[in-house]
Structures are given as structure tokens and as C-alpha cells.
Amino acid sequence: MTRSRTAALLSSLSLWVLVALVGGLAAGAAAQAYGIPGGTGTVALVEGLGQLWLNALRMTIIPLVFSLLVTGIASIADAAATGRLALKAIVVFALLLVGATVYGVLASLGLHAIWPIDPEGGRLLLAGAVSDEAVRQNLGGGGFSAFLTSLAPSNPVRAAADDAILGIVVFAIVFGFATTRLSARLRQPLTVFFEAVSGTMIVIVHWVLRAAPFGVFALSLGVGLRAGLGAAGVLGHYIAIVSLALIGLILLTYVVAVVFGRVAPGRFARAAAPAQVVAFSTQSSLACLPVMVERAIDKLGVSTATAGLVLPLAVAVFRITSTVANLAVCIYVAHLYGIPLTPGVLFAGGVTALAISVGTVGLPGQVSFFASIAPIALAMGLPLEVLPLLLAVEVVPDIFRTIGNVTADLAAARIVEGRDATADPEAASGI
């Protein structure tokens, strides 16, 4: 399946998933008011089907994350080895990602402090999503020593079986960097193997996502049955919180471009606007690449050589909104369940979010939603059962994800160009 066909399929699927969410909530609310044929037996069957669909997604997480991290690290190492400019670009990407991760944690915590989740609405949303015993013990319970121990699993296979995702992520990172020390004769078949594994897992995820409308309908029916339509307001609040965190990142990216890229605010805004329009309409950074290259050269004074290397590399390995949006989702889930966000939990989530952002770059939004958020949630000790409901309303945040990515890509290109960037021709001519 080509990338354009995949994007078209997932775009259509997003609409059907949203329809399924609304339909499930409405059908559940109607069943609550008027009864449902078969009674509790029917409810158990429908919820069982929803749980089956969720489990089908969960079974791909460990192999997908591990293989994506190994191949992602290998691709970054190969890019860094190609020359000084590529290495400089990767350093800029890394610094921006770390800064975005810190911002993501602070922004999400601040937004919840200013605008908390309605307790009753949150209770209603969770009423049909998961039972209390499914909530995990988060990382804060074992103290800092337990956190350090979890970084290096004594048995990676058992860690995978126990969903000890942080240890798996660390092991995958070490494994990935170790492969870069092998000779080309040994490294190439190993990398190809993990590329095949990740590709296979993505195919399975696509198959499972084709059934997403049915899975989301089944899960939301249970919520509607127990909560009526009272959970809808919380989903709207979720959209607003995640979108506001992303909008804040976009505005901060302008500041970074002005300060470190030494470009006038108006010039950068004019250069980024056409790429942002394409991002809004396509939700694809790759589709924005041609206009990004054009605007970087013509409007930001970036050389053809720098734009031709940095921007394709950014699309391949750099997605700044990943850590911010994914942490916003996980912090929202923690607040929903009332799970304490200790410094250890937040640090584990931030480290995992940074690592996962490398591996999941380039995946379609619906695929990357589970591939990236589920490992972070597991690392923070959060349940996954509510994620399908959040996936159903991911359409709006995904727009801001893409806009933020292309904005950061252009800022990074200008920063990498540095002092060699040409002056603004419009400013010089007095326009």
C-alpha cells in the first residue's frame, strides 16, 4: 500500500472512528434509559469484543517499539556519519526535543492546575472504561532505587511479558547503539531484520485499525451504558488541553527561531505560513516537504545545501510535537484516574517519550498514537483502556501536531544555517 493510499485510508477511518464513538455513547445512553435486548449478557459480549480489539493492538507494542528504536537509532547514526552538517542538525534536533519534553510536562501540569478535569465527568467517562483493579501501581511506589533498577531489566523477555516498558526502551537504545559498532557486513542484515519486524507489526496495526470503528463503538457503548452522555464534556476538555499544549509549543517555536535562528518574527511567520496551511490540510509532514524547502531557501535565507539536507532529515527523524502531545495525553490519563504524578513518574515518562519520538517518526497518526503513547503510559504506570476513546477524538490535536512539526523543521533549518543565512530581501528593499 502506498503512503498516499495509507494516508487517505486513515483519514477516512478517523471520521468513522469519531462516528463510532458518538454512536456508541448514544446507543449506550439509550440502553441505559430504555434497556438493551439480552440484558447483561449482551453488554458483556459487546464489551468483550471491545477488549479483544484493544488486546490486538496491545500485542504489537513491545516488538514494534523495540524494532523501531533499533532502526531509528541506526538511521540517526548513519546520518551523523555522513558529515558535519548532518551531525549539527541532529544536535539541534536533540536539544529542541529535550526542551520540548520539559515544556510538555510543565505545560500539561499547568493547564490542569488552571483548568482541571470535572470530577463527575471524569468519573462518568471511566465508569465503563476499566475496573479499578486494572489500574497499575505507578513508579512512585517503589522509590528512586526501584526506578534505577527498572532501567536495566535482568531478564528482557520477562520485562516484555510484564509490560516493564521503560527497561525495554533502555535495552533497545543500548542494543541500537551497539549495532552501530558492528561492521557493515553484520550491521546491515540485523538492521534489515528489525525493519522487517517493524514493518510487519505496522501491517498488523493497520489490520486492527480497520476494525477501529467496531472496537471504539463496543468500548464507548459500555461508557454510554454506565455514564450516559455525561462523558462527552470530558472528551471536549481533553481535546482542548492537548491542543492548547501544542499551540503553546508552536508559539514557543517562533521565539526559538527568532532568538537562536536570528530571524525577524515577521519574516519567519511569513515563511512558515504556506507550509502550515499544507500541514493543516494534509496532516502530513512529508507532504509539506517541497514547500518547506522552497520557503526555507527563498524566505529564510537558508542555502540550498542546508535546506536539502536538514529538512528531509527532519521529516525522517525529528518530530518535536511527539513528546509534548504524547505526554499531554498520558498526564491527562493520570489525572482521570487520580494517579499521583511523582517526579520519578514524570521523569520515566519524559525519558520514554524522548526515546519513542525517535522510533515512531513517519508513522501515520492513528498508528503512532498507540505505538508512541502506550509505551509512555506503561512506563508511567497508567492503564491503557481509555486510550481508544481518546484516539477517536485525535483528529483535532493531530492537526496541531503537524503544524508544530513543520514550524519546528523550518526553525531548525534556520538555526543550523546560523550566521551564513542571507538577509531578508523584503526588509532590505523596504517592503
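Everything quoted here is computed from the prediction, not taken from an experiment. Starting from 1, each residue takes its place in the sequence as its number.
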Legend entry - Main-chain N/O of Asp398 paired to Thr402 side chain as donor or acceptor, under 3.5 Å: yes

Inset, instruction - Take Glu394 and Arg401 through the test salt bridge (Lys or Arg N to Asp or Glu O under 4.0 Å) and record every step on the way to the result. - result: CA-CA 10 Å; Glu394 178 64 12; Arg401 283 179 184 252; 2.8 Å; yes

Inset, instruction - Please check if the side chain of Asp118 supplies one atom and the backbone of Gly233 the other of a donor-acceptor pair under 3.5 Å. - result: no

Inset, instruction - Write down the atom of Ala411, the atom of Ala257, and the distance for their closest heavy-atom approach. - result: CB-CB, 3.8 Å

Inset, instruction - May I ask you to check whether over 12 heavy atoms, not counting those of Phe214, lie within 6.0 Å of atom CZ? - result: no

Legend entry - Backbone N/O of Phe177 and side chain of Thr180: donor-acceptor pair under 3.5 Å: yes

Inset, instruction - Check the side chains of Thr407 and Gln276 for a donor-acceptor pair under 3.5 angstrom, ignoring hydrogens and angles. - result: yes

Legend entry - Within 6.0 angstrom of Trp115 CH2, more than 12 heavy atoms from elsewhere: yes

Inset, instruction - Could you tell me whether the side chain of Ile399 reaches within less than 4.5 Å of the side chain of Ile403, counting heavy atoms only? - result: yes

Legend entry - Donor-acceptor contact below 3.5 Å, side chain Ser243 vs main chain Ala240: no

Inset, instruction - Please assess His112 against Ile117 for the test side chain to side chain contact (heavy atoms under 4.5 Å, CB included), listing each intermediate value before the final yes or no. - result: CA-CA 7 Å; His112 279 280; Ile117 300 172; 4.0 Å; yes

Inset, instruction - Please answer whether the main-chain N or O of Val216 pairs with a side-chain N or O of Trp53 as donor and acceptor at a distance below 3.5 Å. - result: no

Inset, instruction - Answer whether the closest heavy-atom distance between the side chains of Val333 and Leu390 falls below 4.5 Å. - result: yes

Inset, instruction - Determine, stepwise, if the pair Thr321 / Arg319 fulfils side chain to side chain contact (heavy atoms under 4.5 Å, CB included). - result: CA-CA 6 Å; Thr321 61; Arg319 188 164 62 182; 4.1 Å; yes

Legend entry - Main-chain N/O of Val302 paired to Thr306 side chain as donor or acceptor, under 3.5 Å: no

Inset, instruction - Using a cut-off of 6.0 Å, state whether more than 12 heavy atoms not belonging to Phe260 lie near its atom CZ. - result: no

Legend entry - Side chain Arg414, main chain Gly261, donor-acceptor under 3.5 Å: yes

Legend entry - Check: Asn326 side chain, Ile376 main-chain N or O, donor-acceptor pair, under 3.5 Å: no

Legend entry - Non-hydrogen atoms of Ala296 and Leu311 that approach each other most closely: CB-CD1, 3.9 Å

Inset, instruction - Name the orientation class of the two ring planes belonging to Tyr332 and His237 (parallel below 30°, tilted from 30 to 60°, perpendicular beyond 60°). - result: tilted

Legend entry - Evaluation steps, side chain to side chain contact (heavy atoms under 4.5 Å, CB included), between Tyr238 and Leu336: CA-CA 10 Å; Tyr238 160 79; Leu336 268 176; over 6 Å; no

Legend entry - Under 3.5 Å donor-acceptor, Ser357 side chain and Leu354 backbone: yes

Legend entry - Between CG on residue Leu384 and CD1 on residue Ile373, distance to nearest 0.5 Å: 10.5 Å

Legend entry - Nearest-0.5 Å distance, CG of residue Leu246 to CG of residue Leu252: 12.5 Å

Legend entry - Under 3.5 Å: donor-acceptor pair, side chain of Tyr103, backbone of Leu249: yes

Inset, instruction - Locate the shortest heavy-atom distance separating Gly308 from Pro312; write the atom from each residue and the value. - result: O-CG, 3.1 Å

Inset, instruction - Taking all non-hydrogen atoms of both residues into account, name the closest pair between Gly301 and Arg267 and its distance. - result: N-NH2, 3.2 Å

Legend entry - Minimum heavy-atom distance Leu111-Ile241, with the two atoms named: CD1-O, 3.5 Å

Inset, instruction - Kindly indicate, with the supporting measurements, whether the criterion side chain to side chain contact (heavy atoms under 4.5 Å, CB included) is fulfilled by Val197 and Thr200. - result: CA-CA 5 Å; Val197 171; Thr200 302; 5.8 Å; no

Legend entry - Shortest non-hydrogen contact between Pro375 and Ile356, atoms and distance: CB-CD1, 4.0 Å

